[in-house]
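Heads up: the structure comes next, in structure tokens.
Excluded from the calculations below are hydrogen atoms, water molecules and symmetry mates; all remaining heavy atoms, backbone and side chain alike, are included.
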Amino acid sequence: MAETVPVAPLAPPRPRRSWWGWGAAGKALPDRECVALGALVPGAAGTPLPVPAVRSVDLPAVRVAPPASLAHLMSDTPPDRASHTYGKAYRDVVRALRGELGAAPDQVAFPRCEQDVVDVLDWAEGADVVVVPYGAGSSVVGGVEYRGDRRGGVLSLDLSALDRVLDVDTTGRAARIQAGVLGPDLEAQLRPHGLTLRHFPQSFEFSTLGGWLATRAGGHYATLLTHVDDLTQALRVVTPAGVNESLRVPGSGAGPSPDRLFLGSEGTLGVITEAWMRLQDRPRHKASASVLFDDFATAAGAVRAIAQSGLHPANCRLLDPGEAALAGVAGGGRSVLVLGVESAHFPVSDRLAELVALARDHGGSPAPAPPVAGNPAGGRTDDCAADAWRSAFLRMPYLRDGLARMSVISETFETACTWDRAEALYEAVQRDLGAVVREVTGAEAMINCRFTHVYPDGPAPYFTVIAPARRGSEVAMWDEVKSAAMDLLGAHGATVTHHHAVGRDHRPGYDRQRPEPFARALRAAKTALDPAGILNPGVLFDGERG
């Protein structure tokens, strides 16, 4: 029998979060950098939108107070209410900068244990208070913003105090983990055991395990273990109808999976409080390389060959010419394929060489390896393009916020499609969505693409749209562009989202994509688990009760 090892709590200091924008408050671009960034986009505003002081923002009056028994868990201070109003999408950032916080919750609850979650839901159900589960607020699809009527009040249920790895099964390489733990804190608690979850979404520093599970987040691996679903062994979920805990086994054929019901449910069926997650040994061998291509279609063909080769690279990111130039990894209209391999047990140089050779056979030109200190002749330890891309990748959300302050649309959408449709979809987005942006904004758009994950049967393209907007109309303009993008995806048989969930922003496309018999089954599950319809209404379903 596997020994279960208790883990001592760790609480490393975390940076102060921005209430209005992405990430750490101290990393937001100052005014002068916003102006310099805006100067790169013809038609951008000349001055940045000011960042309002959180205590000066006009919030709606508080309409509901907690009972005395729960008052110690609740807060209605302006900073807590303001910072829990929105997620971190472009439209959220712009509205926060403008002080438009009419959707602010009346209360923010900070449960300290699972029983607190049960008690809060019991009270909310009786008081007809809407409850929006909240991990760290990195949603980019309207997943944490209630947009319905106010009912008896709105409460944001912040799970950040449930932040511990409770048990580690070193024999079976699994851990029981509370849902509110942030990515870095989770890895810090696993590190003494030589284990890792190895799930690194772009939001890793500012998102939680529960948020990953509730949104079926995509992570580090571009092949094989692409979604957090693949790492989930069992879930514990608090619903108004009771606590649902699935059996912890490596696999089961016992009917439809109870975990699959809650993965991706975005807090509308229950509140995920714990999960048993499958872990990995920490990798000791890593290598990366980049390959250049003269055109994107040829590069996509090489990626397809790699995805179908069985070599399973950890990283297989294809950047089109615009994305490569924006990240500073290539110019001259070339596309870049960034490859990475890793292993906890075996050297990986031979596997990397096979991948590079396969890319070369399909029209790629391997980028020169950087020289190693003491070895002027070269020899690969890592790849310059991979490093540059990684830095740009982590910095991009802060640049997005800086552009938002200059009234520049800078937003993304992602999808997945089969290989036979990929080239047509890419060309349609460039051509047809570019035409929509010109009509909406009166300016040419920069529309870039990268493949974030790849499968034997298709890629997951991730598009970035950058264009000047009219000050005061930024949100309306982006909403029009986003609606056209969703229509394009549907017309080309692509999913409305690959790893950013549905939220409220993707609802129209999701409603068209979802089979109606399944929709009826999902609504019935909502009614059975949340009969009063208090949990995150408007996500996945129309109406308050599914």
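Using a cutoff of 4.0 Å between basic side-chain nitrogens and carboxylate oxygens, R504 and E266 are not scored as salt-bridged. Salt-bridge check for R176 with D169: failed, with every basic side-chain N at 4.0 Å or more from each acidic carboxylate O.
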Run the numbers on F413 and V465 for side chain to side chain contact (heavy atoms under 4.5 Å, CB included), then give the verdict. CA-CA 8 Å; F413 62 95; V465 180; 4.0 Å; yes
Output, in order, the C-alpha distance, side-chain angles, deciding distance and verdict of side chain to side chain contact (heavy atoms under 4.5 Å, CB included) for M396 and T412. CA-CA 11 Å; M396 187 56 68; T412 64; over 6 Å; no
Side chain to side chain contact (heavy atoms under 4.5 Å, CB included) between C316 and L339, worked out: CA-CA 5 Å; C316 187; L339 294 167; 4.0 Å; yes
Step by step, would you call W20 with D401 a side chain to side chain contact (heavy atoms under 4.5 Å, CB included)? CA-CA 9 Å; W20 62 272; D401 288 358; 4.1 Å; yes
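Inspection of the R164 and Q178 side chains reveals no N or O donor paired with an N or O acceptor under 3.5 Å. Side-chain atoms of D185 and Q189 include no donor-acceptor pair closer than 3.5 Å. If you check the side chains of D259 and S246, you find a donor sitting under 3.5 Å from an acceptor. If you check the side chains of S75 and Q107, you find no donor sitting under 3.5 Å from an acceptor.
Looking only at distances, no side-chain donor or acceptor of R91 sits under 3.5 Å from a matching main-chain atom of G142. In this structure, the side chain of T268 does not engage the main chain of S265 through any donor-acceptor pair within 3.5 Å. Between the side chain of E205 and the main chain of G23, no donor-acceptor pair closer than 3.5 Å is present. Side-chain atoms of E323 do not come within 3.5 Å of backbone N or O of R450 as any donor-acceptor pair. Checked by atom type and distance alone, the side chain of D530 pairs as donor or acceptor with a backbone atom of L535 at under 3.5 Å. No side-chain donor-acceptor contact under 3.5 Å links D320 to the backbone of F296. No side-chain donor-acceptor contact under 3.5 Å links R360 to the backbone of S365. Looking only at distances, no side-chain donor or acceptor of T232 sits under 3.5 Å from a matching main-chain atom of A234.
Between L159 and V117 there is a side-chain heavy-atom pair separated by less than 4.5 Å. Residues L261 and L522 form a side-chain contact, since some pair of their non-hydrogen atoms from C-beta on lies under 4.5 Å apart. At a threshold of 4.5 Å between non-hydrogen side-chain atoms, the residues D167 and W276 count as touching. You'll find the side chain of V454 stays beyond 4.5 Å of the side chain of P313, heavy atoms only. You'll find the side chain of R278 stays beyond 4.5 Å of the side chain of D230, heavy atoms only. Residues D116 and L162 form no side-chain contact, since every pair of their non-hydrogen atoms from C-beta on lies 4.5 Å or further apart. In this structure, L29 and Y398 have side chains that are in contact, with non-hydrogen atoms separated by less than 4.5 Å. Proximity of F204 to E187: side-chain heavy atoms (C-beta onward) are separated by under 4.5 Å at one or more points.
A pairwise comparison of heavy atoms in A422 and C417 identifies CA-SG, 3.6 Å as the closest pair. Nearest heavy-atom pair across R507 and L540 is CD-N, 3.5 Å. Nearest heavy-atom pair, L318 versus A299, reported as atom, atom and distance to 0.1 Å: CD1-CB, 3.5 Å. Among all heavy-atom pairs drawn from S160 and D163, the shortest one is O-CB, 3.4 Å. When all heavy atoms of W419 and Y455 are compared, the pair lying nearest together is NE1-O, 3.1 Å. Annotation for F262 and I272: closest pair O-CD1, 4.3 Å, computed over non-hydrogen atoms.
Between H498 and H453, the two ring planes are tilted [angle within 30° to 60°].
Every residue two or more places apart in sequence or in another chain that forms a salt bridge (Lys or Arg N to Asp or Glu O under 4.0 Å) with R236 is listed here: E114, E245.
Annotation: the span from Y221 atom OH to T223 atom OG1 amounts to 9.0 Å, rounded to 0.5 Å. Distance NE2/H227 to CG/L263: 10.5 Å, rounded to 0.5 Å. Rounding to the nearest 0.5 Å gives a distance of 5.5 Å between OH of Y462 and CD of Q202. A distance of 7.0 Å separates CZ in R17 from CG in L182, rounded to the nearest 0.5 Å. With rounding to the nearest 0.5 Å, the separation of OG1 in T170 from CG in L195 is 7.5 Å. Put simply, CG on L489 and OG1 on T415 are 4.5 Å apart, with the number rounded to the nearest 0.5 Å.
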Donor-acceptor pairs under 3.5 Å, side chain of residues 131-141 to any protein atom, not counting sequence neighbours: which ones?
{"residue": "Y134", "atom": "OH", "partner": "S83", "partner atom": "O", "Å": "3.1"}
{"residue": "S139", "atom": "OG", "partner": "V141", "partner atom": "N", "Å": "3.3"}
{"residue": "S139", "atom": "OG", "partner": "G143", "partner atom": "N", "Å": "3.0"}

Under 3.5 Å donor-acceptor pairs involving side-chain atoms of residues 303-310, not counting sequence neighbours:
{"residue": "Q308", "atom": "NE2", "partner": "P456", "partner atom": "O", "Å": "2.8"}
{"residue": "S309", "atom": "OG", "partner": "I306", "partner atom": "O", "Å": "2.7"}
{"residue": "S309", "atom": "OG", "partner": "L311", "partner atom": "N", "Å": "3.2"}

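For the salt bridge (charged side-chain N to carboxylate O under 4.0 Å, His left out) with E342, the lone residue among R284, R198, R282 that qualifies is R198.
In this structure, the ring of H500 has its center no less than 6.0 angstrom from the ring center of H506.
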